[in-house]
Structure formats: structure tokens, C-alpha cells
Amino acid sequence: MHMNERTPRQKMPEQKPEVRRTNFNEVSLGFTPEMAKIEASRCLQCKKPQCVEGCPVNVNIPGFIAQVVEGKFVEAIKVIKGSNSLPAVCGRVCPQESQCEARCILGKKFEPVAIGKLEGFVADYEREKEHLPAHIPAAKKNKKIAVIGSGPAGLTVAGECAKAGYSVTVYEALHTPGGVLVYGIPEFRLPKKIVSYEINALAAMGVEFVNNRVVGLSETLADIMSRFDAAFVATGAGLPSFLNIPGENLQGVYSANEYLTRVNLMKAYKFPEYDTPVIRGKSMAVFGGGNVAMDSARTAVRLGCNDVHLVYRRSKEEMPARAEEVHHAEEEGVIFDLLANPVRLIGDENGRLCGVECIRMELGEPDESGRRKPVEKKGSEFIIKIDAAIIAVGNGSNPILQKTAPDLKCNKWGNIIADEETMKTSVKGVFAGGDIVTGAATVIQAMGAGRKAAKGIMEFLESGNW
Amino acid sequence: MNYRDKMMHRIHSNEIIKPTLGRMVVEAPYVAKYRKAGQFIMFIIDEFGERIPLTIADSDSEKGTITLFYQIVGTSTMKLSHMKAGESLFSIVGPLGHPTEVEKYGTVVCVGGGIGIAPLFPISKAMKAAGNKVINILGVRSANLLILEDELNSIGDSNITCTDDGSKGRKGYVTDILKEIIDIERVDLVVAIGPVPMMKAVSHMTKDAGIKTFVSLNSVMIDGTGMCGGCRVTVGGETKFTCVDGPEFDGHLVDFDSLNLRLKTYHAEETQSYDSYKHKCRLDGVNAHE
């Protein structure tokens, strides 16, 4: 099959908005093998592929795409797995439009190759059709590594180090491993069976998972280091920020973390089959403009809320959310109240939320972030009647582990300070990466940090040099 | 799934000791080894269950067991009351929260109301062991709801039990007894655990008397590690998380009224879940406690 670069980018088949509004099934239906081959054939196989440099874990993109063109999907997944241990996840949640696909030469004149969709396709093909046997680790090495936190950074380190023959134990505070992949990202964007498949693959390689263990509360980091040769701290950005406006403690006001955890991890969308409840509002507001805000708004739609308002203080152009998520949210009927900011939450006589007062904003001069600063328009206050609200304005660093690890140096926001290349911290043998170091970022950035840390850890364990 | 929690939380005993109160001894070796007075656990009853916080009343580090008291109020605690010795809980995480600040204060009055007597027990014990004079005040609505009376009586330098209806000990409220005590002797610390109105009334009284007071809050929570913020409470005008900043706070600074309202958030859903479970029980022929 030969296609020239004018073959249009294959459109991902999706559930229709009016259908998916009522279910939690994945929005994308996935490429067919034929579509994948056509899409792959659009790749120019550049000599100096820019896409690889745009990828935080430097996946050999032209290499795997060449295999897809040939229909060798299992060979393709093997190429990806050389540098990315969670391809089914990344194919779905990576912001390809600002990474690999942003650098694709085709994108200059036409549309870029759908690298993310192809990655997801081959990973799904392997999981559903082939079931590759577990990776056989290299010869067993006599060194033990503790990974604290089982989100994307922790899983990456566990996978890389186990593959190299190290014995790895992963500690997770919740009852299920996966971190933000299981409590945060909704089923319709990332089916949980995909996460459990990846984690089972690590377990099959010999990684030990200890759930329900909050390191730093009883056992400290020092206790862990007395049993292990190295540790990787990846405890994430789990401490929700609030707006600090009146009425935040009213019934019906959630942090996005709480709302999404109830629905995703605890399966409140299946209440009362599952015991955990969540308020199903008739009219709701989500505050924020990032991916988590989109996830929250789209979850509220699926739980039967007719009027979901997304209140964001800047305009659509400044939204940090991925364009695809914003587009999906709009298609599903989320109402965008842009250039508006909540001022106070209003409760009824029983302490239950019944409205939010917002104020209109306009964009002024650029601020430190380079984005134009939103300024309040005096006298433009207005009220939206709501019975539930979700605050999705970011997360601070979770402080539990650091509290009992006084030698572990942190910055003024409580993020652990780690070397940018090796991910070494101020404590010998302890590495850190992911959101606990950078503040809230993306899954793939955490995995990128995990890859660097795995290299750093193995170098340290081989050489003993700190 | 092979990565599931391998720790089995086998139940050693589970008895309904009062009409709406249960006492369970369950395996949780890590918790039993490390727990300190004032800390709590979260359990999940089965794969459908909620994450529910419960305070730890006692532990046996040799057997690796912890003792939990629970009030049968909702679906999870109803399910808990149906569990039998030999069966296992799906999940237990802990110990969570800050331990009580145990030191030698002088005279410590430990006030427990209802099920709050259970978490009070280890605190009273620890305060006594730290060299304090300990006065226990136990208050319940009626004699048939009183727990751990003998155990606490064996700790305190003096012990007073009171009931709302006079069916056991003095007739009256814990605040009546507390008032009598602070009128006649110097009290250095009050620890109060029980229903929100009780903790509010005690804190109000000790604030006027200028006595340092700890209360232990039982907020609605999901993860118990600071991640969800559902357990937030206003303390001294600031937002605090019960799970990581507490569960004990300065009673003089807690906004009890907003806490009380937040605790009622899921009233309708709890009723729905409970009814649905009772219906399932009838279908399965299980005898649900009404």
C-alpha cells in the first residue's frame, strides 16, 4: 500500500455526543487495522524525526509507525515498549498536539500524523488480541528498590528497574494501585481495565505491590531506607487547592479530587450498587480551565446533570486543557461561562449550596505566565443557581512523607527538590519525580521523570557513587 | 487480580454488644504494630464498599489485631454487623491521622459521649501512663448504650457515668458533671470525644474556664491522606483537613456548626443505600438489624 502525504488524517471513530452523554464508556472507539495502516502510511519517515524529540520519553515513533504500515502490530508495540511502559495510557491521555504531533513535518502544510491514536491502537491490539508474555527480567540483581506511590512516575520506575533485574516493591496509600490513573482520570477517557492490565504485567514481572501503606505516617522514609538500597518518591500532587471564598464548606461543594475519586475509584456512578454516594446535581458549576476541570464537567454531564457550567476566569484561548477535551466537553453540552470568576458560594438555611455569585472579567496586561491577566469588571456580578460545585483549580504537594523526613529538601511550595537529570534528592539513595517534584503536570511528564530516575537509580546501584 | 491487597483482614470476633453497637476484633498487623492513641483506620467492607473511617479502641501487636467499635448507622456499618468470625474485610488502611499529644499535663478530664467512648479509651490509658491524674466522664442516652465502662473505670483516678434518662449512674449530661469538677478543682486539660453538640457544649464551657481542650472529629472522608479535602473543617478561621491536620483539634477554635451541617451532606443518599441494602438482605434471607 502506498499513500502520499495528501491522504487525509484518519478521523477517530467516536461515540456520538448524545449517546456518550449517558454512559461512561470510552469516547473513542479506536482505529480499525485498515485505518491504522492508512494513517501510518502518511508518515514521511523523516531522517531526523522531530517527533521523537517532542516526546518526553523519546519513543521511536517512525520505527513503530513503519511496523504498523506493514501490519506488524505486535512488532510495533515492542518498539514502543522499548521506551514507554504504558503505551495504552499515553496513547489516550498524552497532549500529543503540544508534543510529538506538534513537531510533525506534515503538520506544517497538512495535518500531523495521528501518533497518539496509533500508539493507542497498537497497545490495544496487543492487549486484546495477542497477550504478549510478561517481559522476562534480566538476570536477577541483588539490590532492592522501594517505589513510594503507584502513579505514572512510580509505575515507570518499577517497570524499568524490574526489567533490568532489580527487585522492586511499590507502596500505595490507597487500596488499589495506579494513582491518578485510577482515582482521577475518568473511565470514558481511560478505561480502568487498561490500567489494571498494565499493573498486572508489572506484577507478572515480579514487582511487588503493597497497598494501603502510607509511608511517612508510621514507617518513615528512613525506615524504608533501612530495608532497601534505593527509594523513589512519587507521592504526587495530592492536596487540593480551594478558592478561599465564602461558602466553600457548604454541602455540595467538592474539590475535583473528591468528586472524581468518588466517581472513578469508588464507582459512585453505579450507586447504589456501589455504596459510595455522590451528589447528582440538577445544575452544577465547575471552576477551572484545565483537564481536571473538563473531566469533572464531563463526569457531571454523565451523571445526569442538565446544566453544567464551566466557569473560567480567562478566555478559551488561555485554557490549559487539551483542545480535544475542550471540544469533547462542548459537544457534550457543557456551558462555558468564560471570563467569569466565582466570588462567593451561597447556601440555603440547611447549609446546602444553592448558588454561586460570579463576576465578569476582562483580560489586561500579560502576567508572569505570559498570559493576559484577568481583571474584575466592577459591578458585573451575576448569580448562577447551582446545587453542586466542583473546584478544579489545582493541587499542592502532599506533605505526609516530607513531614517525617527532615533531611529531604523541599522548596517553598513543599515540592521535593531533585536533580533534573538524575532525579537525586538531598538524601543519599533517595530519588524523586513526578508531580511531587514539579507540581501538578501531565502523566507523560511524570513518566519522563520516572525514566530519568530509573536510569539514575540503576547507575547509583551499580557504581555506589552519589 | 494478583496485585490486590495481599493482606487478609480476618475477623477474630464480631459481636453486637448493644442494640446498635458492634465490637470487632480484626487482623491488621501493621496497624496493630504502629498505632498510637488518637489515630484511626479506614476500612472497606467488600468490593462495593465505601471507605469508612473508624477510630481504634485497642490493639494486640502480638496477635496483630485491632479492636473497633462501630455504631450501626448506614450501609457499611450494617454490613459490618453481618460479618462473622473467620470472614475477612476487603481492606484496612492505617494508622492515619496525628496521634494525641500525650504528655504530663497534671489533671486531665476525659469526656466520652456514646460511641466516642471507644476512641477515648486509649487516650485515657495513655494520659494515665504519662503520669496524669485522670478523671473519666462517660455519658450515654441510656444504660443499654454504655461501652467500655469497666475498662475505663480501671484507669481513671475517678470515674463518673451519666445517662440522659438516669438508667445508669447520674442522671444528666456530661457537661453537668464537668461543670461540677471544674468548680471544685484545677483541671489542666479536657479531652472530649462524642457527638458534635456534646463536643461543642464542652468546648464552650472550657473556653470560658480557660482550660485547654482537645476534640476528635469524625468527618466525612474518602482517602484519609489529604488528597480529597472532603473532611475539611474550619479551625480558627482557617480550612483544615481532619485526616492529615487532625483528627484532634483545639476545641475552642473548631467551627462546630458548619461541621455539623457538612456531616448531613449525604443524608438522602445514605437512606437510599441503606434501603437498597436491606432490600437485598431480604432477598438473600439475611436478617438485617432494623
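So you know, we letter chains A, B, ... as the sequences are listed, proteins then strands, and number each from 1.
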Pick whichever of A:N244, A:L250, A:L265, A:V253 has the most heavy-atom pairs under 4.5 Å with chain B.
A:V253
Can you spot which of B:V93, B:D223, B:I222 makes a side chain to side chain contact (heavy atoms under 4.5 Å, CB included) with A:L174?
B:D223
How close do B:C228 and A:S255 get, heavy atom to heavy atom, and via which atoms?
O-OG, 2.5 Å
Give the member of B:K79, B:R35, B:Q39 that has the highest number of heavy-atom pairs under 4.5 Å with chain A.
B:K79
With only heavy atoms counted, which part of A:I391 is less than 4.5 Å from chain B, the side chain, the backbone, both or neither?
neither
How long is the straight-line distance from CE of A:M266 back to CZ of B:R51, given to the nearest 0.5 Å?
6.5 Å
Atom CD of B:E270 and atom CG of A:D275: how far apart are they, to the nearest 0.5 Å?
11.0 Å
Checking heavy atoms, do the side chain of A:E219, its backbone, both or neither come under 4.5 Å from chain B?
both
Contact class of A:N350 relative to chain B, heavy atoms under 4.5 angstrom:
backbone
Based on non-hydrogen pairs under 4.5 Å, which of A:E172, A:E258, A:E273, A:E248 is most in contact with chain B?
A:E258
What residue, out of A:A173, A:A268, A:P277, A:P399, has the most heavy-atom pairs lying under 4.5 Å from chain B?
A:P277
Interface moiety of A:K403 toward chain B, non-hydrogen atoms closer than 4.5 Å
side chain
Is there side-chain contact between A:Y183 and B:M227, with heavy atoms separated by less than 4.5 Å?
yes
Take a 6.0 Å sphere around NE2 of B:H252 and say whether it holds more than 12 heavy atoms from other residues, nucleotides or ligands.
yes
Backbone N/O of B:T265 and side chain of A:R352: donor-acceptor pair under 3.5 Å
yes
Please check if any side-chain donor atom of B:R262 sits under 3.5 Å from a side-chain acceptor atom of A:N249, or the reverse.
no
Steps toward side-chain contact (heavy atoms from CB on, under 4.5 Å) verdict (A:Y274, B:E50)
CA-CA 8 Å; A:Y274 283 76; B:E50 284 186 85; over 6 Å; no
Proximal component of B:I52, with respect to chain A [non-hydrogen, under 4.5 Å]:
neither
Whatever's closer than 4.5 Å to a heavy atom in chain A on B:V220 counts as side chain
Just wondering, are more than 12 heavy atoms of other shown residues or ligands nearer than 6.0 Å to NZ in A:K163?
yes
Can you tell which part of A:L217 gets under 4.5 Å to a heavy atom of chain B, answering side chain, backbone, both or neither?
side chain
Is it the case that more than 12 heavy atoms not belonging to A:K192 sit under 6.0 Å from its NZ atom?
yes
A:K270, NZ atom: more than 12 neighbouring heavy atoms under 6.0 Å
yes
Close side-chain approach of A:H175 and B:F90, heavy atoms under 4.5 Å
yes
Cut-off 4.5 Å, heavy atoms of chain A, and the answer for B:S273 is both
Can you confirm whether the side chains of A:N398 and B:T225 place a donor and an acceptor under 3.5 Å from each other?
no
Under the side-chain contact (heavy atoms from CB on, under 4.5 Å) criterion, do B:F48 and A:T276 qualify, and how do the steps go?
CA-CA 8 Å; B:F48 300 101; A:T276 302; over 6 Å; no
Could you check whether any side-chain heavy atom of B:I92 comes within less than 4.5 Å of a side-chain heavy atom of A:N212, counting everything from C-beta outward?
no
So which residue, B:S258, B:G229, B:G224, ends up with the most heavy-atom pairs under 4.5 Å with chain A?
B:G229
Give, as side chain, backbone, both or neither, the part of A:V278 having an atom under 4.5 angstrom from any heavy atom of chain B.
backbone
Interface moiety of A:Y259 toward chain B, non-hydrogen atoms closer than 4.5 Å
neither
Taking A:Q251 for the side chain and B:L261 for the main chain, is one N or O donor matched with an acceptor at less than 3.5 Å?
yes
If you count heavy-atom pairs within less than 4.5 Å of chain B, which of A:S218, A:G396, A:P272 leads?
A:S218
